[in-house]
Amino acid sequence: MKVFALVDCNNFYASCERVFDPRLKNRPIVVLSNNDGCIVARSNEVKALDIPMGVPFFEQKALIRKHDIAVFSSNYQLYGDMSQRVMDSLRRFAPDMEVYSIDEAFLRLDHLQPRDLIEYCTTIRTKVLQWTGIPVSIGIGPTKVLAKVANRVAKKQTGVFDIRDQKTQDAILKTLHVRKLWGIARRWAERLHRMGIETASQLRDASPVIIRKQLSVVGERLVRELRGQSCLDLEDVQPRKNIMSSKSFGNLLTEKAPMAEALANYAARACEKLRQQNSRAQAVYVFVQTNGFRETDAQYSNGLTCTLTVPTSDTRTIIEAAKFCLNRIYRPGYRYKKTGVMLLDLIPAALEQQHLFADSDQRPGDRLMATVDRINEDHGPDTVFFGAEGIHREWKMRCGSRSPRYTTQWNELLRVS
DNA sequence: TCTGGGGTCCTAGGACCC
DNA sequence: TCTGGGGTCCTAGGACCC
């Protein structure tokens, strides 16, 4: 039988902040989305105060002040680096592993004796905490979906929970609402509700054929996984098919010039990711939009795709293409909230089809880009950048309360006095 | 005043092929 | 009045995930 373990970091972003500031222990913490817009992570103390996930920050300000909640802008450099440390630690215990998200990984532990599993997972928890400072919970199950369910229980109990036993599954699935399952969100929960299905055990016992008609093959797989029939295996990391970079501006913009700067900056970020996975893009999509929440403002949104003659990962070419698109979709007279760029039709750099009429066997840009990437990796992001990205960057997003990038920026190292 | 960003997969329908 | 039977590829839209 297959054995899946889902390792999930507890309140990951909040835990990262605590690692470097022990004063935050037991203090409620929220972490905000980009631009300090929404609450995207909460410590247990905040969850206990019934402050929901994903709500606008400004709506909660009074409550936050009242309970002396520590507020952090998101610090993705820190979280990304901490994530890598956690994943590296896990890999030492289970080479057969899928990094599922920034704070979760599935492990295959089939090789262990069933009775040793709990002990082994307890050791994993202890070691990850010791090595990285991040607390994790582990759910064990015969399928990924059940391991996810087990993880929920683990979080509420002692940190490790095994759901492989049938009676245990019955007891837990009976009290679990379908909405809490991995793969069921609002729309599907509503549809299931109309079919009279509320709990996970009702869904498990439903007809796979009927569920397939309602929720496609994705729903059928979910039913089978709940029955202990493994349909989802560990997945290898595949190169991305699209790469997107977009952000809201710190303040609404009306002029084209600062929008073009922001766009160039996002394009440069997207190209870094593109080169990291050794791909080239064959098309670029650019969009602009106003702030839909401001109902009294005139609204406009538009997007345009531009095909490239030769697949490229050269930031200069992508910036040029992005500006070309922006020139065509920008309309004066609106207050813009956001722009973004998407790199499309990505292909491996090595598999590239040469263009009949383009001089593409020489790529002087490749060496330049590699050098730019290396400098920024060694000395921190933005050590060198393209002039088109601008210098003053009035469009830059708000991040008023970001903690130091302790582990990736030399001049922000933790000081001990 | 303030409302995130970045992905994936599946299906249906249309265009087109032989 | 009758109007084939397969395919593939692409796109848009809808659902989901963190």
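Order of the sequence lines fixes the chain letters, A, B, ..., with proteins taken first and strands second; residue numbering starts at 1 for each chain. Note: hydrogens, waters and symmetry copies are ignored here, and every other heavy atom, side chains too, is used.
Among A:D103, A:I29, A:I134, A:N75, the one residue that satisfies the side-chain contact (heavy atoms from CB on, under 4.5 Å) test with A:C16 is A:I134. Test A:T339, A:L253, A:L263, A:L304 against A:V288 for side-chain contact (heavy atoms from CB on, under 4.5 Å) and you get one pass: A:T339.
Because its NZ or CZ atom is both nearer than 6.0 Å to the ring centre of A:F106 and within 45° of the ring axis, A:K144 counts as a cation-pi partner of that residue. Annotation: cation-pi geometry not satisfied between A:R402 and A:F72 (NZ/CZ under 6.0 angstrom from ring centroid, within 45° of ring axis).
Residue whose closest nucleotide on DNA chain B sits further toward the 5' end, between A:M244 and A:R335: A:R335. Heavy-atom nearest nucleotides on DNA chain B were determined for A:V217 and for A:F293, and the one closer to the 5' end corresponds to A:F293.
Within a 6.0 Å sphere centred on CD of A:E320, other residues, nucleotides and ligands contribute 12 heavy atoms or fewer. Applying the 6.0 Å contact sphere to NZ of A:K213 captures no more than 12 heavy atoms from other residues, nucleotides or ligands.
Protein chain A contacts DNA chain C from C:dA15 to C:dC18, reading 5' to 3' and using non-hydrogen atoms of the protein with a distance under 4.0 Å.
Of the residues in residues 78-100 of chain A, not one comes within less than 4.0 Å of DNA chain B through any heavy atom.
Salt-bridge formation is detected for the pair A:R85/A:D81: a Lys NZ or Arg NE/NH1/NH2 atom is positioned less than 4.0 Å from an Asp or Glu carboxylate oxygen. The residues A:E261 and A:K396 are annotated as not salt-bridged, no charged nitrogen and carboxylate oxygen being separated by less than 4.0 angstrom.
Counting only Watson-Crick or G-U wobble pairs whose defining distances are both under 3.5 Å, the stems of 3 or more consecutive pairs in DNA chain C are B:5-18 with C:5-18.
A:F20 and A:Y406 have parallel rings, their planes meeting at less than 30° on a 0 to 90° scale where 60° marks the start of perpendicular.
Using a 4.5 Å cut-off on side-chain heavy atoms (C-beta onward), A:E394 and A:N251 make no contact.
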